[in-house]
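Report on one structure; see the data block that follows.
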Amino acid sequence: MFETLVPGRPPDAAAWLDDLNPEQLAAATHPGGPLLILAGAGTGKTTTLCARVAWLVSQGTAPERIMLLTFTRRAAREMLQRTRALVAMPAGHRGVLGGTFHSLAHRFVRMHASALGLAAGFAVLDAGDGADLLDLIREEHGHAQRDRRFPKKSTLQDIYSRTVNAQRTLSEVVAECFPWCEEHVESMAAMFKAYTARKRSLGVVDLDDLLLYWRALAADEVIGPATEDGFDHVMIDEYQDVNGLQADIVSGLRRRSDNVTAVGDDLQAIYGWRSASPQHILEFPDRFPGTTVLKLERNYRSTQPILDTANAVAVQATRSYEKRLRSDREDGPPPALVFCRDESEQADEVCARVLEAREQGMELRQQAVLMRASHDSDLLELELTRRHIPFVKYGGLRYLEAAHVKDLIALFRLLDNPANELSWFRVLQLLEGVGPVTARRTLDALVAGPAAAADPLGAWPQARDHLPAAARPGADSVVEALRAARSATGAGVQAEGLRDALAPLVSSRYPDGAVRLIDLEQLAAAAREASDLGHFTAELALDPPQSSADLAGPPHLDEDYLVLSTIHSAKGLEWAAVHVLALYDGNFPACMSAGTSESIDEERRLLYVAMTRARRRLYLHVPVRYYHRPKGNDDAHGYGKPSRFLTEEVQRTCEVVRRAEVGGYEATGRLPRKITVSPDSLFR
DNA sequence: TGGTCGCCAATTTTT
DNA sequence: TTGGCGACCA
């Protein structure tokens, strides 16, 4: 195998290069130095990047000396798979080193943990854990829950994360993005300092820390160059979505060499709320002098009418690289503009069209429903269930956020580090009659008690006295399970032991306990595959499963199901038919984003991303009357204006396939109150 | 009286 | 699923 890949073999001899168009070929075979590939939606970005890897390997670069950074785990998986299919791996070589920024950061931070003052098996807090820790600190700083005007934990976390990722000062970020919190800047600053100190003392890192630490490693005089020299080429996918911190990491990785390839499309930048900025892709040529800029504009995915509509949305944008997609496919019908009376009619319309398409031979899995916010599909999900149409939903409430799953993970963490206050705080509150106060006292006795220094579990006999009598047996069995798991070997055995101890608590704590136990079973089963429970939980934080089905592996693979997804989760994917939901102003663009022109631009790009996922059919659904509840108002209906992005220009490129009837009480403007019917008065 | 538990309303997008 | 508010228990 290796012989076919020795250096010097002419690139044109490789068959896979023949399939590329001239622009793609130029990008794939760019000899070296900084390269920026501006690849519009559906222009074969992944193909080109994979071909480039293959070409570099054919030129003699060892695969493991190529680093491939992607934005999502899904993209990483696909990219590595396709690369593997393209490049016969030379014997004795490991593959390309690929993954998300966060997962590669984890790898390097683990590698240099001691230099960073971390224990070898440090835990990674996921977003929820970080928020919980902040909440704990908020209490300690005297901002009790009842302090209504103080930002709540998820907001605090947003502010913290945004500040760190943008690498700007707290007061700047708050003034710009969270003006209603300005009066609290000083207390927040104190809390955030306490938060970083606490993470230090607990020996844990959060997702943002991973990037901070990696950047510090890259900047280090000894470790930086050593890391850099390990890689001949660094490639970054979706460069439009990197933030300042990530851009710094890329620069740090390329201080001596400038073999760096960035691929992206500023028209698809949709992560500004996470401090990403299209600024970085626009400034790439400044950061890397001598950059070659190549554009891919030939679209292999969508029909021309769909691109016309998408282009009509894109041209509303203010600043971008000049580019316009041209289709390489045969013509097709124009996108359909579906005006519905309300969201329930929208659900009916989608079901009807999905089924109709399937009648005509389009599998359900070739069709997708995309939305701005995950709850936009609530009614549709009900309707799909009622009609027995199978579907899988991506994005939105994720598996790891389910309370009982966090409970078991907390136990996993305690096994690794019995001094983990956060986990104890969580687990103790599952017990009968134990709330935050009792939990706090008990865990103080555990972690700060005299016997604790050596082993918190040793302090258990004293700590359990703080619990009400009813809670003691349950608590004892959890502690017993932790002791047993300690001496057990194999992540699977340990996980099962802990799950068994947790099961009775979960089924008594939650009314739908039985269903939740199934999830725990799957989590324990997944842990069986891992070599180490600590690694398993860290991986889980970095690569959260989208659903419990996802965790169980891909059993649905041969089944047919409709895909429901937030647009953010749909990035990089494509379907033959795409339905976009709830295109009314206030929802899309979301009213929370209506403040600045930048956030409106981002919402517009989001719509552009949604539209360009479609290969042959695109349906844009506009409910005319929407249902939502401004607080305390029972007159919960309102009339929606179509999304401001559906300008006349855009509408001209579409076909209106349905006009909602406006008549009856809707025409009078007098809306019925919510009507409730209950025969309860008969049952006395 | 401190603390827990039950019932109500509301919730953008994600590594 | 979180958080606020009021009822109930030691």
Side-chain angles (χ1 to χ4, degrees), chain A residues 69-76 99-106 124-128 130-132 135 144-148 152-155 157-158 161-162 164-165 206-211 238 241-243 245-246 270-276 370-376 378 394-398 400-406 429 431-441 468-471 509-512 516 539-544 546 565-571 582 586-594 599 602-603 605-607 609-610 628-634 636:
Chain A
L69 285 161
T70 62
F71 204 72
T72 63
R73 192 61 189 235
R74 227 172 183 178
T100 61
F101 272 95
H102 288 87
S103 70
L104 288 198
H106 184 224
V124 179
L125 302 179
D126 69 21
D132 287 347
D135 209 34
Q145 302 279 329
R146 66 171 188 284
D147 193 350
R148 188 96 55 88
K152 55 180 192 178
K153 66 175 177 184
S154 54
T155 314
Q157 198 189 23
D158 271 2
S161 185
R162 232 173 132 129
V164 171
N165 280 288
D206 65 17
L207 292 171
D208 300 324
D209 289 333
L210 286 174
L211 298 183
E238 310 276 16
D241 284 323
V242 301
N243 59 39
L245 204 43
Q246 292 163 322
I270 54 175
Y271 280 94
W273 48 276
R274 232 175 61 186
S275 296
L370 305 183
M371 57 266 176
R372 172 69 185 85
S374 95
H375 65 250
D376 288 338
D378 287 353
Y394 292 93
L397 231 193
R398 278 168 306 285
L400 280 193
E401 279 158 46
H404 55 294
V405 175
K406 288 201 215 163
Q429 286 187 81
L431 299 163
E432 192 67 38
V434 177
V437 180
T438 313
R440 177 89 250 172
R441 280 181 201 142
R509 180 83 180 72
Y510 306 98
D512 54 345
R516 292 171 187 259
E539 288 292 316
L540 226 43
L542 296 171
D543 181 20
Q546 304 270 355
S565 175
T566 58
I567 299 169
H568 285 91
S569 299
K571 196 163 79 153
N587 189 64
F588 202 160
C591 49
M592 345 260 297
S593 310
S599 55
E602 181 155 312
E603 297 278 309
R605 293 190 294 264
L606 199 56
L607 179 57
V609 169
H628 84 40
R629 220 178 267 258
K631 54 178 154 193
N633 184 359
D634 214 24

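Just so it is clear, the values below take in all heavy atoms, side chains as well, and ignore hydrogens, waters and symmetry mates.
Residue Asp378(A) contributes atom CG, which lies 13 Å from atom P of dT12(B) at whole-angstrom precision. Distance Arg605(A) CZ to dT12(B) P: 21 Å, rounded to the nearest Å. Rounding to whole angstrom units, CD of residue Gln246(A) and C1' of dT15(B) are separated by 8 Å. Rounded to whole angstrom, the span from the CZ atom of Arg162(A) across to the P atom of dT14(B) amounts to 15 Å. Between Lys406(A) atom NZ and dT1(C) atom C1' there is a gap of 8 Å when expressed in whole angstrom units. Separating the NE2 atom of His375(A) from the P atom of dT12(B) is a distance of 8 Å, rounded to the nearest angstrom. If you measure from atom OH of Tyr271(A) to atom P of dT12(B), you get 16 Å, rounded to the nearest angstrom. Atom CD in Glu602(A) sits roughly 12 Å away from atom P in dT14(B) (whole-Å rounding).
Mapping Ala373(A) and Asp208(A) onto DNA chain B via the closest heavy atom, the residue that lands nearer the 5' end is Ala373(A). Annotation: of the two residues near DNA chain B, His102(A) and Glu603(A), the 5′-most nearest-nucleotide partner is Glu603(A).
In this structure, Trp273(A) packs face-to-face on the six-membered ring of dT13(B), meeting both the 5.5 Å centre cutoff and the 30° plane limit.
Phe101(A) comes within 4.0 angstrom of no nucleic acid atom, judged by non-hydrogen atoms across all strands. Lys571(A) comes within 4.0 angstrom of no nucleic acid atom, judged by non-hydrogen atoms across all strands.
Proximity of Arg509(A) to His404(A): side-chain heavy atoms (C-beta onward) are nowhere separated by under 4.5 Å. In this structure, Ser161(A) and Arg274(A) have side chains that are not in contact, with every pair of non-hydrogen atoms separated by 4.5 Å or more. Residues Glu238(A) and Thr70(A) form no side-chain contact, since every pair of their non-hydrogen atoms from C-beta on lies 4.5 Å or further apart. Residues Leu542(A) and Leu210(A) have side chains in contact (heavy-atom distance under 4.5 Å, counting atoms from C-beta outward). Between Leu69(A) and Leu104(A) there is a side-chain heavy-atom pair separated by less than 4.5 Å. The closest side-chain heavy-atom distance from Phe588(A) to Leu606(A) is below 4.5 Å.
Between Ser103(A) and dT15(B), a side-chain N or O to OP1/OP2 separation shorter than 4.0 Å is absent. Proximity of Lys152(A) to the phosphate of dA10(B): no side-chain N or O atom is located under 4.0 Å from OP1 or OP2. Neither OP1 nor OP2 of dT11(B) sits under 4.0 Å from any side-chain N or O of Ser154(A).
In this structure, the side chain of Gln157(A) engages the main chain of Ala127(A) through a donor-acceptor pair within 3.5 Å.
With a 6.0 Å radius and a threshold of 12 heavy atoms from other residues, nucleotides or ligands, Lys152(A) has its NZ atom at or below the threshold.
Candidate nucleotides dT12(B), dT15(B), dT14(B) were compared by shortest atom distance to the side chain of His568(A), and dT14(B) ranks first. When the nucleotides dT12(B), dT2(C), dT14(B) are ranked by their closest atom to the side chain of Arg274(A), dT14(B) comes out on top. When distances are taken from the side chain of Thr100(A) to each of dT12(B), dG3(C), dT15(B), the shortest belongs to dT15(B).
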Could you go through nucleotides 3-5 of chain B and list every protein N or O atom that sits under 3.5 Å from one of its N or O atoms, giving the distance for each pair?
residue	atom	partner	partner atom	Å
dG3(B)	OP1	Arg441(A)	NH2	2.3
dT4(B)	OP1	Gly435(A)	N	2.9
dT4(B)	OP1	Thr438(A)	N	3.2
dT4(B)	OP1	Thr438(A)	OG1	2.4
dT4(B)	O5'	Gly435(A)	N	3.4
dC5(B)	OP1	Gly433(A)	N	2.6

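Taking atom C1' in both dT13(B) and dG3(C), one finds a spacing of 22 Å when rounded to whole Å. Going from the P atom of dT12(B) to that of dG4(C) covers 16 Å, rounded to whole Å.
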